[in-house]
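Naming convention: chains lettered A, B, ... in sequence-line order (proteins, then strands); numbering from 1 in each chain.
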2 protein chains.
Amino acid sequence: MAETENNIAIPQDFDSLKTIILERKAQLPKRLRQVAAYALDNPDEIAFGTAASIATSADVQPSTLVRFAQHFGFEGFSSLQQIFRARLRERTPGYDERLKALSGNDHSKLESGSIFNGFVAAAHRSLDNIASSVEPEAFERAVNILAGAETIYLVAKRRSYPISGYMAYAFGKLKVKYQMVGTAAGIDDDILAMAGPQDAAFAVSFSPYASESVNQAKLLANRKVPVVSLTDSAFSPLAESSKVWFELVEADHAGFRSLSASMAFAMALTVAIAEKRRRVSEDHLIE
Amino acid sequence: MAETENNIAIPQDFDSLKTIILERKAQLPKRLRQVAAYALDNPDEIAFGTAASIATSADVQPSTLVRFAQHFGFEGFSSLQQIFRARLRERTPGYDERLKALSGNDHSKLESGSIFNGFVAAAHRSLDNIASSVEPEAFERAVNILAGAETIYLVAKRRSYPISGYMAYAFGKLKVKYQMVGTAAGIDDDILAMAGPQDAAFAVSFSPYASESVNQAKLLANRKVPVVSLTDSAFSPLAESSKVWFELVEADHAGFRSLSASMAFAMALTVAIAEKRRRVSEDHLIE
DNA sequence: GCAAGAATAGAACATACATTCCAGATTTGT
DNA sequence: ACAAATCTGGAATGTATGTTCTATTCTTGC
């Protein structure tokens, strides 16, 4: 009898099922892998279809579906199907739908609620936008520059400051040497004077551009420190001082621009830098 | 033969079906009205259940379900069920597709690109999550507390610090009096000593909880300062000191938790507070 | 209060369904 | 290259399911 993986718990929710399928997908036999791919691509079909109809459109035999389910510890196809159905059932209504539900009774509730809603939506839009506007090659170049630096100088003011604040925190955790520029007033020039070509800088500035940040980036560039920057326009004064720069237009709600995409970008950059360093030092050991 | 209402078009989507059911509900025979009520209250059950199981939980005979469907022009129960299923299908939040589009682009070719991808996806997930976990009522209460405060104290350390950093920036722009707690070491206690019941505090802390933040929140609560907090677990030590607290679990990529949802939340809260103050002062002028 | 008509419950039916089974094909290990 | 094990396709099977049918109960109009 085929092993039903008794030792491993049967997934009870869609997310863990998905994870397990992805984990084991590679080692699955041909037809079962075919089912795995189909299932993850067409979860709705699995939820609503019959074994026969699903089998047809996945181009396998119904029995294969049963075997697939049993491979993951389910009794049969039907019990696996329950997971796919539960996914649709349990999908929580989402904020705006609940907001609609309580409409009428209190106007102020609606107002605060729609503000919340608006910011979440703006954040989503921003993320969609960044996903399509950041060039992988540019990102890779930025990572290379910063990963190769001795010290990473972080330049950001005002609205951008939380971004560099997060990066400082994460760099600290990841043991990446960094230096924030512009925390205490007055000593910035002294700090910048220590930077050299062996270092690198990451500058963030959105319009209206803080002149301080722009000047500091310029200064760094003059000192042959490679600068990577994140800004919101190709005409940003930051761009001309930068080896690599990213144009990131955050969506806004009621005039307040989101920071979610910048934050995601910063996190990705931070971790990618640390990851690259780790890999480089490993490669070095092997050689 | 019973009339099948040939003259009226058979509803093809859930909304029109719902409308028609509501219209005719009053003139329906007893058992059919019972089914109508059940169907509108438990659409998910209709979508996934079998005629027998639905009949049992609606306390009617399976045949009644068939007759119900036929009354509205459907051939049988199954065709009516399709409408309920289509409803769940269509509600699919175009979001899966966006993620697919993400993994489809050439980002994933490069390692750094996949890190980038991962963080964008995590941010999306976080936002979805926050949208379904924040209760509009709780949000409104939080806004009221903070909008009514004389000074808003911002408590956050480490990973949460960028959140309060952004709020400080925005409050400054919006002319809302605030005070950050925990920037310069040592003077925290002096700052907190000034807080009173006429003020309020907003604390952010995720596990592992910074003991400093927890203590400060406790201190504020003892001084009768209402505390609103953002944390990631119902068991967070922050929760007990808080009048209102929000549980926000950020999705993570490679163990690094996103901040995008927290950021969106903070922005929404900030703006909602300012908006409420503006409206209150306007109302005051009118009176 | 009685008859005519509609509505309902529950059993009977036909079929659509998931599952099992087995022979043949394919992969894996030696 | 051979044997063993695994995987796969397709038909067989028995159950679960939607639907139909009919006797009975409940409304409705006079």
Interatomic distance where [atom1] belongs to [X] and [atom2] belongs to [N] [whole Å]:
| X | N | atom1 | atom2 | result |
| --- | --- | --- | --- | --- |
| B:R85 | D:dG18 | CZ | C1' | 12 Å |
| A:Q81 | C:dC17 | CD | P | 11 Å |
| B:F77 | D:dT20 | CZ | P | 14 Å |

For the pair A:F265 and A:F202, name the ring-plane relationship: parallel under 30°, tilted 30 to 60°, perpendicular over 60°.
->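 Geometry flag for A:F202 against A:F265: parallel rings.
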In terms of ring plane angle, is the pair B:H124 and A:H124 parallel, tilted or perpendicular, where the classes change at 30° and 60°?
->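 If you compare the ring of B:H124 with that of A:H124, the planes turn out parallel.
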Given [options], identify the nucleotide with an atom nearest to the side chain of [X].
| X | options | value |
| --- | --- | --- |
| A:S78 | D:dT8, C:dT19, C:dT8 | C:dT19 |
| A:H71 | D:dT8, D:dC7, C:dT20 | D:dC7 |
| A:Q70 | C:dT19, D:dT17, C:dT20 | C:dT20 |
| A:L32 | D:dT8, C:dA18, C:dT8 | D:dT8 |

B:E75 atom CD: more than 12 heavy-atom contacts under 6.0 Å =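 Open.
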Specify the residues of residues 54-69 of chain B, ordered by number, for which at least one heavy atom lies under 4.0 angstrom from an atom of DNA chain C.
->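 Heavy-atom cutoff 4.0 Å gives B:Q61, B:S63, B:T64, B:R67.
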Does the side chain of A:D44 come within less than 4.5 Å of A:R87's, by heavy atoms?
->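 When only atoms from C-beta onward are counted, A:D44 and A:R87 do touch, with a gap below 4.5 Å.
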Sole candidate of B:L230, B:V204, B:D232 that passes side chain to side chain contact (heavy atoms under 4.5 Å, CB included) when paired with B:L248 =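 So the option named by the test is B:L230.
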Between A:F68 and A:F74, does the ring centroid distance fall short of 6.0 Å?
->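 No, ring centres 6.0 Å or more apart.
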